[in-house]
Number of protein chains: 2
Amino acid sequence: MRSAAAEDLIFHALADPSRRAIFESLVRGELAVKDLTARFDISQPAVSQHLATLRNAGLVSGRSEGRCIYYRVEPKGLKPLADWLSHYRAFWTDRLGRLDALLEKLEDP
Amino acid sequence: MRSAAAEDLIFHALADPSRRAIFESLVRGELAVKDLTARFDISQPAVSQHLATLRNAGLVSGRSEGRCIYYRVEPKGLKPLADWLSHYRAFWTDRLGRLDALLEKLEDP
DNA sequence: CCAAGCCATAAGCATGCGCTTATATCTCAG
DNA sequence: CTGAGATATAAGCGCATGCTTATGGCTTGG
């Protein structure tokens, strides 16, 4: 009926350890597919498929330059996850203020 | 050598929409397995299996009372997820700051 | 004591997922 | 133009996953 929510795609994308590792690698800066293929012991198509899943979830984006495609983390990609998590702020106590401040900054452009 | 076992279990547990719905139902208060079985159109064993996954991830806990077992959200269960998310706080603020600067530059030449 | 309610586990089944190899596309070097 | 590098897509293969029905262990009401 209703199309899959952003939370579905994001949780599913981050549920896989390889995909989370790729995402965390991209946090430090842009990387081409060949770079990711070199540092993870999986084949290049596997990397491309993981990147497609992450991109479909809005977590990363690709920039084509010559023969290479450089991927980077999408800054607002984790916002739905932060929103979902903030809904349960009554259940934890620490780091809450900083997270709330961040959420407000994200919501108020 | 950072152990990512907790994140694995939590992301995997919350990746399934049924499990997330069960978790969100328990946020409002304790519910027995029979209550969850009544409100979701899946069988009772399916509910129990989802609860086992959530419990194994540290997200919920069960309290036995008579013939029923009441489940509730574990307050500190989402902390690893919040920690993982807050790890990118610097990245977010930095990127968004640069994005804001770029937007201002575009709007006000 | 006993029948019934509540729950967890087991077994089976269909589907999804992550990985592989093979191949097509696109770009640049020569 | 030709060949090589970089990437995406396709097809296939195990394996995990989510669901079902069936069953057994507890607990309580009568």
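No hydrogens, no waters, no symmetry mates; every other heavy atom, side chains included, goes into these values. Remember, predicted model here, so these are calculated numbers, not experimental data. Order of the sequence lines sets the chain letters (A, B, ...), proteins ahead of strands, with each chain counted from 1.
- For the residue pair T53(B) / Q49(B), no side-chain donor-acceptor distance below 3.5 Å is found, with atom types taken as modelled.
- Comparing D41(A) and E65(A) by the nucleotide of DNA chain C whose heavy atom lies nearest to each, the residue mapping closer to the 5' end is D41(A).
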Could you run down nucleotides 2-11 of chain D 5' to 3' and tag each one B, S or - for protein heavy-atom contact under 4.0 Å?
--BBSBBBB-
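- The CD1 atom of I42(B) sits 12 Å away from the P atom of dT21(D) (whole-angstrom rounding).
- Counting heavy atoms from C-beta outward, L14(B) and E7(A) have side chains that stay 4.5 Å or more apart.
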Listed pairs under 3.5 Å, donor-acceptor, residues 59-68 of chain A side chains, sequence neighbours left out:
unit_1	atom_1	unit_2	atom_2	d
S61(A)	OG	E74(A)	OE1	2.8
R63(A)	NE	E30(A)	OE2	3.0
R63(A)	NH1	E65(A)	OE1	2.5
R63(A)	NH2	E30(A)	OE1	2.5
R63(A)	NH2	E65(A)	OE1	3.3

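- In this structure F11(B) satisfies the ring-ring contact (aromatic ring centres under 6.0 Å, His included) test together with W84(B), sequence neighbours excluded.
- S18(B) comes within contact range of the sugar-phosphate backbone alone, with a heavy-atom separation under 4.0 Å but no base atom that close.
- Residues passing the side-chain hydrogen bond (donor to acceptor under 3.5 Å, both in side chains) test with T37(A): none are found, sequence neighbours excluded.
- Atom CG in L54(B) sits roughly 14 Å away from atom P in dT17(D) (whole-Å rounding).
- For the salt bridge (Lys or Arg N to Asp or Glu O under 4.0 Å) condition, no pair includes a residue of residues 33-45 of chain B, sequence neighbours left out.
- Under the 3.5 Å distance criterion, the side-chain polar atoms of R19(A) are matched with a main-chain donor or acceptor of H12(A).
- Read 5' to 3', the first and last nucleotides of DNA chain C with an atom closer than 4.0 Å to a heavy atom of chain A are dC17(C) to dC28(C).
- Salt-bridge formation is detected for the pair K79(A)/D83(A): a Lys NZ or Arg NE/NH1/NH2 atom is positioned less than 4.0 Å from an Asp or Glu carboxylate oxygen.
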